[in-house]
Every structure is written in structure tokens, then in C-alpha cells.
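The block underneath contains the structure these notes are about, expressed in C-alpha cells.
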Amino acid sequence: MPAALPLPCRRQRLALTALALAMPLLAPTAAQAGEIEVLHWWTSGGEAKAAQALKASLQAKGHQWKDFAVAGGGGDAAMTVLKSRVVSGNAPAAAQIKGPSLQDWAREGVLAPVDDVAKAEQWDALLPKAVSDIMKYKGSYIAVPVNVHRVNWLWANTEVLKKAGAKLPGTWDEFFTAAEALKKAGVVPLAHGGQPWQDFTTFEAVALGVGGAEFYRKALVQLDPAALKGPTMDKVLATFKRLKPYTDKNAAGRDWNLATAMVIKGEAGMQIMGDWAKGEFVAAGKQPGKDFACAPAPDTAKAFTFNVDSFAMFKLKNEAGVKAQKDLASAILSPAFQETFSLNKGSIPVRLNLPMDKFDACARQSSADFVATAKAGTLVPSIAHGMAVPAAAEGAIKDVVSQFWNTDAMTPAQAMDRLVAAAKAR
Ligand code: BGC
């Protein structure tokens, strides 16, 4: 967790280490027998339906769910609340934690491994290795993966595109042509919410499309200074900035699901967002292929930015709580839950080889592309969603990208210098 802590990290880290040592004494008292408190940030329409499926599967095993939802897309607010709860000795029983920050939490000694469930149910054989590696700390499972989200998606209102005479774009050139047509038709071409994680979700789609997977990996995963500051990044930043005039004046601070709602209602034509956006369309009764369309973000059809949701369990003292944690871990990977959850969430199951017949064409494409891109070496982690870069560097590069987006006078050259400096943040 140290890398995930905002400043002043050191003091908080010491407090946390002391807490980890004292954990058996300070284990959560709020959780009663068979009741577990679960922290997550699934509060939008589609997300809440998916969270409800998780709650139901715990209750089906005779346990009680204490909801600890912290609103805020992307989970930044939830992670801040989680840190303060753990530091004050009041950890929830389970929390939605993702990517490399799982390692940071495990290092602090506050997580309870779920190895016995994982061994009994053969998770190694059920999961793609790229996913199980993220869930393990020193060879032990410290988290259970829920689903796979594809982040590099573009969503569009089919009726609005049609009325504007615009075509669903497959390339960035086509995107700008469609955006112009939508603008002329009097709708907002690109629905956007000006929050750092949403700015970065758009930015990483542009980086992948304009630069390709190898560039993406060098610049945004390996944080190679030569890739962060070079002609390809220059082009990426310039293209990214070209999108801004196609967003509306009220974008600043807007939540992602309200941006999706603009597309649903026909106020906007398109949105670049991970497939949790599909959960909103579906929750609003809209059908893919009819009311709305999905396409890989421009020029990224042969690549896939992945984002895996996962839950980690915090050490508990009471046996009933521990039993409930294990039952929750087991329920999450059951075939029935995997299907119901992802149908609501917009994602695809993380468990391998499950039938996809109940899923729509967007999900089936995602599932096929997940496998194909893994083989082709173009499956890359989403930076916007905490899947690759240490938290301090991730936060710093997100800030630079948002500053660039919001500051008309900032040039790509200035942004690149700042990106190189931000990548060194520890
Ligand atoms: C999570 C999704 C969530 C989205 C918006 C992402 O980081 O992985 O599960 O729906 O944020 O809140």
C-alpha cells in the first residue's frame, strides 16, 4: 500500500505497519457472525445491478452483506476511504482493490489469503495466467478476480449517428469526420466527464490507437522516457487535444454515467469509455446493435486494454466472518455468478471457457479479442484503471494529462517534459 498512499505517505505507512503488527487485536469488530462488510464503488445504474448479484450470491450462502459503497467512478474516492478505514483499525471484511496495489496491501500484512478456496476449486486452471498473476502475492492468492472489462471501447447512439449522416468510426480520421457531422446536426459529438480518470481513459485509447500496442507498453507501462517524450507521443497528445472541441462546456467534473446518459438520451453521439458503460445502456432498456453501437476505440481493433475487477479480504478474527469471506470468494468464481454479474456489468467473465450464448455481440467480440490479443501480444493493461503502474506515478501522469486537456496554452512539448518527470514519482 505505500505506493498507493497520497502524501504524507511515510507517517501513514508507519501507522499502517504498526497496525498490521497489532492486527489480531484490532481486527474489525463491526462484522458480526456471518456478516461481512464489502467496500466497492458500484453505484451507477448498471453497476448497482451487478453489485446486487454479488450481494445475492453471498446471501444465498446464508450470510449477511453490509454494504459499504463509496460513490465515484474509477474508485479513487473508495481507495481514499479504504486507506483511512484501515489506518484507523476499522478495515472492511472485503474490498474492491485492483492491479498492482493488491501487492502493496499484501505487503502490509493486512490481507487474508484465500489459498484454501483457490486450491480446492483449482483457480490456477480456471483463470488466464495474466489474471492469476495479478491476484497472487508470493505465490498465494490474495484476491479473487470478478470479471474482465475492456477499456478501449467507443459507444454511440445509432439513431443520432444516422440522423447526422455519420458512420460509426473505425479510425481516428473517421472519428473526426463523424464528430464534425454530429456537430453540424446540433448534438454534442463526444460525451465526456472531466475527471482525471476519465480524461486518462480517453487519452490511453488515443495512445493505443495512434501509437499502437508496443508504443503504449513502452510509454505507459514501462514509463520509458524516450517513449514519453518523442514524436509518437507528440502526435498522441496533439490528437487527444483535437477531441476537446467536440465535448461540451459542462463536461468538467461530470460523472461518467451522466456522460453515458447523454448518449442514451440522444443529447450526444459518442462516448469513449470502458464496457461498464454498456451496463448503463442495458439498465436503461437499450439494445446493442439497435439503439446503440459498440466499436473498439478508433484504430485499436487489434488491441485490448484490460481492467480486471477483484476483491481482497482483510484479516478478520471471528470465524463466521472468515467463513463468509471464503464463501464469497467461492461464489464469485461460480459459473452462474460469472454470467449474471457480467451480463449486468457490461464486462465478460474472467473464468475461462464459459458459454457466451447469453451475451450480446459486444461482449462476444470482447471475449474473442481478449484471447486473440493475448496471443498477438497486444493485450495491454489499462493505466487509467490502475492495472499496471505504481500508484504514485499513475496519479502523477494522470494529473499531467488532465492539466494538458484543461490548459489551452500548454503545448505537447511542455506536457511531454512533465510526463517524463511524473513517471519518476514514487
Ligand atoms: C472499475 C469498474 C467500474 C468503473 C466505473 C472501473 O475502475 O473497474 O468496475 O464500473 O471503474 O466506476
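Start at 1 and go down the list; that is how both ligands and their atoms are numbered. In what follows, every heavy atom counts, from backbone to side chain, and hydrogens, waters and symmetry copies are set aside.
Remark: R242 qualifies as a cation-pi partner of F176 under the 6.0 Å distance and 45° angle criteria applied to the six-membered ring.
With sequence neighbours left out, the ring-ring contact (aromatic ring centres under 6.0 Å, His included) criterion links W41 to no other residue.
The only option from L182, L243, V263 that meets the side chain to side chain contact (heavy atoms under 4.5 Å, CB included) definition with L190 turns out to be L243.
Ring geometry, H149 versus W276: the interplanar angle exceeds 60°, so the pair is classed perpendicular (tilted spans 30 to 60°). Ring geometry for W42 versus H40: interplanar angle of 30 to 60°, hence tilted.
Within the 4.5 Å cutoff, the side chain of K167 has no heavy atoms near those of the L161 side chain.
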Would you tabulate the polar-atom pairs, meaning N/O of ligand 1 against N/O of the protein, with distances under 3.5 Å, reported to 0.1 Å?
residue, atom, partner, partner atom, Å
ligand 1, 7 (O), K98, NZ, 2.7
ligand 1, 7 (O), H385, ND1, 2.8
ligand 1, 8 (O), K98, NZ, 2.9
ligand 1, 8 (O), N307, ND2, 2.9
ligand 1, 8 (O), D309, OD1, 2.7
ligand 1, 9 (O), W42, NE1, 2.9
ligand 1, 9 (O), D309, OD1, 3.1
ligand 1, 9 (O), D309, OD2, 2.8
ligand 1, 9 (O), K345, NZ, 2.7
ligand 1, 10 (O), E47, OE2, 2.5
ligand 1, 10 (O), K345, NZ, 2.7
ligand 1, 11 (O), W41, NE1, 3.3
ligand 1, 11 (O), G74, N, 3.3
ligand 1, 12 (O), W41, NE1, 3.4
ligand 1, 12 (O), E47, OE2, 2.7
ligand 1, 12 (O), G74, N, 3.2

